[in-house]
Every structure is written in C-alpha cells, then in structure tokens.
Student: 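Submitted below is the structure of interest, expressed as structure tokens.
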Amino acid sequence: MKVTTEQYRRVAAREMADEYTQGFLKLLPARLAERRKTAFADFADPAAARAAGAAIRAGALENLPQLLTDFEKNAKAAGARVFWARDAAAANKYIVDTARENGISGVTKGKSMITEELGLNQALAENGIHAWETDLGEFITQLLACPPFHIVGPALNIPVGRISEIFLEKGLIAEPEHDPVQLGLAARRFLREKFRHLEMGITGVNLAAADSGTLINVENEGNIRLSKSRPRIQVAVMSLEKVVADMPDAMHLIRLLCRSCTGQQVSAYVSMDTGPKKNDEIDGPEQLHIVILDNGRTRIYENPVTRQALRCIRCGACLNACPVYGQIGGYPYGWAYSGPMGQVLSPLLLGFARTRDLFSACTLCGKCRDVCPAGIDHPELMRYYRHKDAAGDPDFRGTGAPRLEKAVYGAYAIIAGNPALWRVFGAMARRAVNCYARGNTIGKGPGVLKGWFAFRDLPAPPDRSFRDQWKRRSPAPHSAKPASGRKKP
Amino acid sequence: MSVSVRDQILVRLRQAPARAVGQRPAVAPPKETGLAREDRIAAFCARFAEQTGIVYHHDPAREIGETLAEICRAHDIRRVISGCDAVLAAAGLPDAAMDIPELELRTQAGFADREEFAEAVFAWADAGLTGADYGVAESGTLVLAFDRNHARLLSLAPGVHIAVLSRDRVVGAYEQAMAELGGVREIPSQLCFVTGPSMTADIQAMPFKGMHGPGKIIVLLV
C-alpha cells in the first residue's frame, strides 16, 4: 500500500472537518474500550494478567535469537519450508516465485498487517497474480483502494451506500443494498468461489511457539482458516518478533489479545499449524512456506530503547484509548499501523523524515501505555524519537531541529547551566513576558510564539523570583547559606 | 543466499545489548479450572450458548441416531458429511446415522480425491459432522485436532457444524486441553479452537454470523 505518513497534517485536518468521521469517532473507540474493560474483568487479577503479558513479550525478545533458531528447527522438522527475508523486496520475490513455480494466478489472503507493510498485493499484481483480500473489512478497503481506518475493522467507517455502490460496480449485487448483513452475505458468496478454486493462501502470523514450530492465527470470520485449509500451498509471513517460547505463553497472550482487541474472551477461531498437512490427510496445504521477515527489525532490536516497540501484538487497544486517534481516526497515520501503534512503529520502519508528524502529534498522556497488554511505554518512545530527531541522529534518518530551534535551545542550555547567567536571564525574561500579560495570565506572544499561544495560556510570573522572595523573608543567617550547603545530621 | 541472510540476522540479534527482564507475576488459572465436573460442563454450555452455539444433551437411554435425526430435522439438515474420528466412533457415529431415512450421509473416507471432497463440503453438504477433542469451559471453546480421520473443512465449509463432545472431555482451561492432547498423540498439522459460529462486524459494526464459515454451530454432548 502507498505510504502517506508525510500527509498527516493535511489528512488530519480533513478528517476533523468531516462530519461523518467525527460522528463515527464519538461512538466506536469508546465502545471498544468499554468492551475491553468488561472482558478484562474476568481475569482474577487484570493488572497481573497484563503484567504477565508484558513479561512474556519482554522475555521472548531477550531470548529472540534462540527462540527463532528453535522455531526454525521445529517447523522444518514438521515439514515446513522456512525462508529468511531481509526486506520487503526479498519477501515479495520469494512469494511471487513460489506462486509462479506452482502456476498460480490468484491467491486468497487472510487479514495481515505484515503483508500491507510489504506491499505484497502490488508485487503480486505486477506479476499477473491477483490477491483477493478475504477479511470482509480488508476486502472492502481493497475494492475502494483506501487505507485501514482501524486495525480491528479497516472499513468500519465506510457508509453502506458506498459499499453498495462498489459492490454493484464489481457485480457482487444486482440491486442497491443498504443492509449490512445482506452486503456481508454478498461478499461471502463472491469470496466463497475464490476459496473453492484458488490454490494458494497467504496469511500473516499472530504468534509462533518456538518449542513446537507452531504458527498461530486469531480471527472471527473463518477466512484465515479457509486460506490455510483449502489451497495446496500456504504461505505464512511472520515478522521475526512474533515468536514466543511455548504454547502456555502463547495461550496467555491469546487471552490478552482477544480481550484487548474486540473485548471477546477468545475469537471465534484460533488455528495453530505445525507443518503442512500429513500425507494421509485429505485437506490442508501440501506445502507450507514460512517467510521470516526482518525489514528493519534487527535495527530496531539492536537499540535497547526501541526494542520494546517489537513487543506489540497488534491488538489495537491503544487506538481506542488515544485522545488524538479519537479526534482524527485512522487515515492520517498513512500506513498499515494507525494510532499509538503506528506512531511507535512507523517512524522506526520508515525513518523519521516521513513520519515526524506522527510522533509530534502526541500529548504524552500515557493512556496507550496504561492499556497495552505487552507493556510498551509509548510516551517514553515518543519522547525518545523527538530527542533523536532534534539531534539529527542518522540511525533514525532524523534531520535535526530547525536552525532557530537549535540556537534557542543551545543558548538555553548554556544559561540554565550557569546560576549567575540564569538569575540575569530570569530577571530579563520575567520583565519581557509580563509585557504580554493581561491580569494574571499571558494569552499571546510575539513572532514564532504566536502558534504556541493559540491553544494555551501561561500564568504571568510574579515580579520577583522565588529566590528573591526567599531572601527577603528569611532571617539573615540562612540567606547567607545557599540550599546546596545542606549539613549532614 | 537465504542461509547468509539468516545468519546475518541471527548474529546481529545475538550481539545486541541485553536488557533486564522484570519478574513475571503469577497469574491465577481461569476460575473454571476449580469447578467440579458437572459445574464445569454447565459452565461450558453457558459460555457456548453465549456465542449462539446450540447444545443438545444426548439421553443415554436413546439411540445416538435418534438424537442426531432430531437435530437434523430441527435445523433442516438433509445432507451431511461426516468425519471418521475416534470421538465420533466412540459415540457410534457415523454408523448410527446411516439408518436415518431422511438423511443423505457421506463420510470423508468415501472420498479418494481432495478436489472431490472440497466440492462436496463447499457445494453439496448442509452440515459437517465431527468429533470435538475437548470442550473448554473458560470460554465455551471446542478444541479440534485435525488428522486423516478429521478433515479441516468439515467444520468450516458447510453452513452448519455439528460437533460431538464427550462429557468426559470438558476441561477448565486451554492449557489443560493442550496438555492432555499432547500426552495422547503427536502434534496435529493443525489444531483449532472454535468458539461460536463464524462472525464479523466489519460493516458499520453490525454483527452477524456466518461470514465465511458456518453460521450455526451445534454441540451434541454425549
């Protein structure tokens, strides 16, 4: 899919002016957040359950090279073929080659964020292979060529009228239809023919268990199960951080994932594949290809601060908690990952030059961190990105702060590091800013500060500093001894 | 070439600085693990029903074929494809269903070819009949382990899935089912948790059943 992260501001402004989007955002995130809360209540100790999820993900990452090696060994022993892909191009080439070698002209796809990241559909199309998205929401966004609005329901916001129009155009229905259920059933009939006849299925991976080489997918519709059961060839694309130690770890994460995502105790289907079908089975894939994808993740892993971003299990709870997402919806984030999940992942995967607005548009309120079942500290990462970007760190393709900003903060660092300078500067600044005071508040500023004051006020500082006032009120002996000369008891 | 990419990735991961991992807090197992047998079965049935699953309790005084015939009549099911798994066999199925006059029954063993089988489950059958290896009370979940006698598409392609579940195989938590399963057989090529019918809410958050898989799921408890 096309990356439009650099258009964040423009799209956000458009979405905030869009009555339909706004009406929708008033309902959806709150409803999903409420469902999540209710679902967590049946854990004996919800906080401990979440902390255990964080510990499982953190532990799996610390042990990642070993887990990947074990996973590969066990998956191969079960008969799977494993391909390690450095980047999107390598992964796409492997999948296209696999399709070609087997004479495939069409594939069914289960919903998968990772193949969105790869731009796999485009790569297949360029080679004459049509990829049918089979998750209802993904199917609709594919037909409309629009990005996902929400990770749980990529087309949740699309009005039925528009779905009816595109279904008419594509021949799924003969008459206009405005009943969501009838539209869904029309998509079922259409896609069922694809499932019946296509010979290759492509899915992502929610989790993998190292000790058995098992791939796990979580879904409600059955399209992933069909993509893994009917075709002769199955391709599973797995980013390298998906692996955990064993099934008990995976089971706990599934409980957390389903509750965090849709507020279900568990989704309708959780399917776990260990190798392709056995020789004597009448269905299931004859070939199981597992693509282990790096695509920049080793670099994210090497930095101990950014490593935590790889804990993400793509539940989407952070979207529903985020006050910014709640105003603008999923489109401005411009890629496969929206909300805080996108603000944390996209800058690392795409570089800061195209994603600066994503991590700037955060109030650091921490609500995403509070609901995250993997223990990601989104505000910490967002502050870290801002720091690295301002410093122009080449590892992150940061471009550095504007010259004026650098000069201002450079001067500020010198002044704030020297008590005498600080006192002089403080006295001057107090006098200067109070020129703009109206009563006890400052509501506007000159030049570049105008923007800052557009949505904020400052309390007007008093004429004298705290130190000055202290000196005047305290008896002489204390004022002679500054606070730094504290005596030991 | 892929070997070298693999090694490069693994080397970089191994050389990355370690980060301390906090203690993992103890998590209490789901409360259903502490229930007595009958309560556990009741909890399973209640959770299964919450997901619009339908439970039939087989009366041991009756023939299993009679109960199945009753289910088929109630849900307008005329054509059934059955698995041949051990759970079904222990309940006397599908043999006992052969005698139901209004029912056309085929078993997966009757298909030599995967294409022929796929056509039958997609286009011919009203319902798929399988055993369920376990029922899990914590969420009303069926555990299906697929193999040569239990095809994947039986519980997926037809509009209705009928699963036979033994009252002896209802456990409290997923982990218990997995552990018991691991003790008696090799890891299946696919293992599936099924909790209610196929569903979606992708258009306007309007939920409905039967998106791609069965719109109706029935448990026959024996």
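Letters A, B, ... are given to chains in the order of the sequence lines, protein chains preceding strands, and every chain is numbered from 1.
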Student: Is it the side chain or the backbone of B/F122 that comes within 4.5 Å of chain A heavy atoms, both, or neither?
Tutor: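 Its backbone and side chain both get close to chain A.
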Student: Any donor and acceptor pair, going by atom type alone, linking the side chain of B/R12 with main-chain N or O of A/E302 inside 3.5 Å?
Tutor: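 Judged by distance alone, no pair lies under 3.5 Å.
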Student: Could you tell me whether B/K216 and B/D126 have a side-chain N and a carboxylate O separated by less than 4.0 Å?
Tutor: no
Student: What part of A/I56 gets closer than 4.5 Å to chain B, counting heavy atoms only: side chain, backbone, both or neither?
Tutor: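 Both parts, backbone and side chain.
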Student: Show, in sequence, the C-alpha distance, side-chain angles and deciding distance for A/E219 and A/K228, and conclude whether the salt bridge (Lys or Arg N to Asp or Glu O under 4.0 Å) test is met.
Tutor: CA-CA 12 Å; A/E219 56 157 342; A/K228 300 200 300 186; over 6 Å; no
Student: Under 4.5 Å from any heavy atom of chain B, what part of A/V305 do you find: side chain, backbone, both or neither?
Tutor: backbone
Student: Which atoms of B/M199 come close to chain A, meaning under 4.5 Å heavy atom to heavy atom: side chain ones, backbone ones, both, or neither?
Tutor: both
Student: Taking atom types as modelled, is there a side-chain donor on B/H161 or B/T130 under 3.5 Å from an acceptor on the other?
Tutor: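 Checked: B/H161/B/T130 side chains pair up, N/O donor to acceptor below 3.5 Å.
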Student: State whether a side-chain donor-acceptor pair under 3.5 Å links A/R255 with B/S139.
Tutor: no
Student: Find the one option among B/M206, B/E175, B/E186 whose heavy-atom pairs under 4.5 Å with chain A are most numerous.
Tutor: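 Ranked by contacts with chain A, first place is B/E175.
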Student: Could you tell me which of B/S198, B/G213, B/A16 has the largest number of non-hydrogen atom pairs under 4.5 Å with chain A?
Tutor: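 Going by pairs under 4.5 Å, I would pick B/S198.
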Student: Just checking A/F167 against A/F190, ring centres under 6.0 Å apart?
Tutor: no
Student: Locate the shortest heavy-atom distance separating B/G83 from B/L88; write the atom from each residue and the value.
Tutor: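 That would be O-CD1, 3.3 Å.
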Student: Tell me, for B/D113 versus chain A, whether the close heavy atoms (under 4.5 Å) come from the side chain, the backbone, both or neither.
Tutor: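 Just the backbone, heavy atoms under 4.5 Å.
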Student: Examine whether an atom of A/S267 lies under 4.5 Å from a heavy atom of chain B, and if so say whether it belongs to the side chain, the backbone or both; otherwise answer neither.
Tutor: backbone
Student: Quick one: do A/D249 and B/R24 make a salt bridge, cutoff under 4.0 Å?
Tutor: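 Result for this pair is yes, salt bridge flagged.
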Student: Identify which part of B/V27 has an atom lying under 4.5 Å from any heavy atom of chain A, answering side chain, backbone, both or neither.
Tutor: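 The side chain, not the backbone.
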Student: Between B/A26 and chain A, with a heavy-atom cut-off of 4.5 Å, which part of the residue counts as in contact: side chain, backbone, both or neither?
Tutor: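 Only the backbone of B/A26 comes within 4.5 Å of chain A.
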Student: When heavy-atom pairs shorter than 4.5 Å are enumerated against chain A, which of B/A179, B/A173, B/S155 gives the highest number?
Tutor: B/S155
Student: Regarding B/E119 and A/R196, does a basic nitrogen lie under 4.0 Å from an acidic carboxylate oxygen?
Tutor: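 Salt bridge between B/E119 and A/R196, a charged N being under 4.0 Å from a carboxylate O: yes.
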Student: So which heavy atom on A/S212 is nearest to which on A/T274, and how close?
Tutor: O-CG2, 3.3 Å
Student: Using non-hydrogen atoms and a 4.5 Å limit, figure out which bit of A/I158 sits close to chain B: side chain, backbone, both or neither.
Tutor: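 Only the backbone of A/I158 comes within 4.5 Å of chain B.
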Student: Using a 4.5 angstrom heavy-atom cutoff, name the option from A/M251, A/K278, A/H150, A/R192 with the most pairs to chain B.
Tutor: A/R192
Student: I need the residue from B/H150, B/R47, B/Q51, B/Q15 with the largest number of non-hydrogen atom pairs under 4.5 Å to chain A.
Tutor: B/R47
Student: Go through the atoms of A/A78 and report whether side chain, backbone, both or neither lie under 4.5 Å from a heavy atom of chain B.
Tutor: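 Contact with chain B is absent: no heavy atom of A/A78 under 4.5 Å.
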Student: Give a yes or no on whether a salt bridge exists between B/D39 and B/R37, defined as a side-chain N under 4.0 angstrom from a carboxylate O.
Tutor: no
Student: Among B/P214, B/G210, B/G22, single out the residue with the greatest number of heavy-atom pairs under 4.5 Å to chain A.
Tutor: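 Maximum pair count with chain A is reached by B/G210.
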Student: I'd like to know which of A/Q308, A/R297, A/R189, A/K277 tops the heavy-atom pair count under 4.5 Å against chain B.
Tutor: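 Maximum pair count with chain B is reached by A/K277.
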Student: Between A/L28, A/V181, A/D42, which shows the greatest number of heavy-atom pairs under 4.5 Å with chain B?
Tutor: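 Highest number of heavy-atom pairs under 4.5 Å: A/V181.
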Student: Count the heavy-atom pairs under 4.5 Å between each of B/K209, B/Q204, B/R14, B/Q23 and chain A, then report the option with the highest count.
Tutor: B/Q204
Student: Heavy-atom distance under 4.5 Å to chain B: side chain of A/D45, backbone, both or neither?
Tutor: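 Neither part, no heavy atoms under 4.5 Å.
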Student: Starting at OG1 of B/T200, measure out to NE2 of B/H212 and round the result to the nearest 0.5 Å.
Tutor: 7.5 Å
Student: Taking B/E115 first and then A/R232, would you say they form a salt bridge - that is, a charged N and a carboxylate O separated by under 4.0 Å?
Tutor: yes
Student: Who among A/L226, A/D294, A/L64 has the most heavy-atom pairs with chain B under 4.5 Å?
Tutor: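 Top count of heavy-atom pairs under 4.5 Å with chain B: A/L226.
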Student: Would A/R259 count as a cation-pi partner of A/F43, with NZ or CZ less than 6.0 Å from the six-membered ring centre and within 45° of the ring normal?
Tutor: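 Yes; both conditions hold, so A/R259 lies above the ring face of A/F43.
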Student: Is it the side chain or the backbone of A/L156 that comes within 4.5 Å of chain B heavy atoms, both, or neither?
Tutor: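 Both parts, heavy atoms under 4.5 Å.
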Student: Counting heavy-atom pairs closer than 4.5 Å to chain B, which one of A/Q264, A/H252, A/E281 comes out on top?
Tutor: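 Going by pairs under 4.5 Å, I would pick A/E281.
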Student: Among A/T69, A/D70, A/N63, which one satisfies side-chain hydrogen bond (donor to acceptor under 3.5 Å, both in side chains) with A/Q66?
Tutor: A/D70
Student: If I measure from the heavy atoms of chain A, does B/A28 come under 4.5 Å with its side chain, its backbone, both, or neither?
Tutor: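 For B/A28, the contact with chain A is made by the side chain alone.
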Student: Please classify the contact between A/A85 and chain B as side chain, backbone, both or neither, with a heavy-atom cut-off of under 4.5 Å.
Tutor: backbone
Student: If you count heavy-atom pairs within less than 4.5 Å of chain B, which of A/A47, A/A268, A/G153 leads?
Tutor: A/A268
Student: Side chain, backbone, both or neither: which part of B/P30 has a heavy atom under 4.5 Å from chain A?
Tutor: side chain
Student: Which region of A/E193, side chain (C-beta onward) or backbone (N, CA, C, O), has a non-hydrogen atom less than 4.5 Å from a non-hydrogen atom of chain B, or is it both or neither?
Tutor: neither
Student: Is the closest side-chain heavy-atom distance between B/I217 and B/P197 below 4.5 Å?
Tutor: yes
Student: Below 4.5 Å from any heavy atom of chain B, which atoms of A/L61 appear? Answer side chain, backbone, both or neither.
Tutor: neither
Student: Between A/R57 and A/L310 (side chain of the first, backbone of the second, donor and acceptor by atom type, cut-off under 3.5 Å), is there such a pair?
Tutor: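 The answer is yes, because a donor-acceptor pair under 3.5 Å joins these two groups.
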Student: Heavy-atom distances under 4.5 Å only: say whether B/V11 touches chain A with side chain, backbone, both or neither.
Tutor: neither
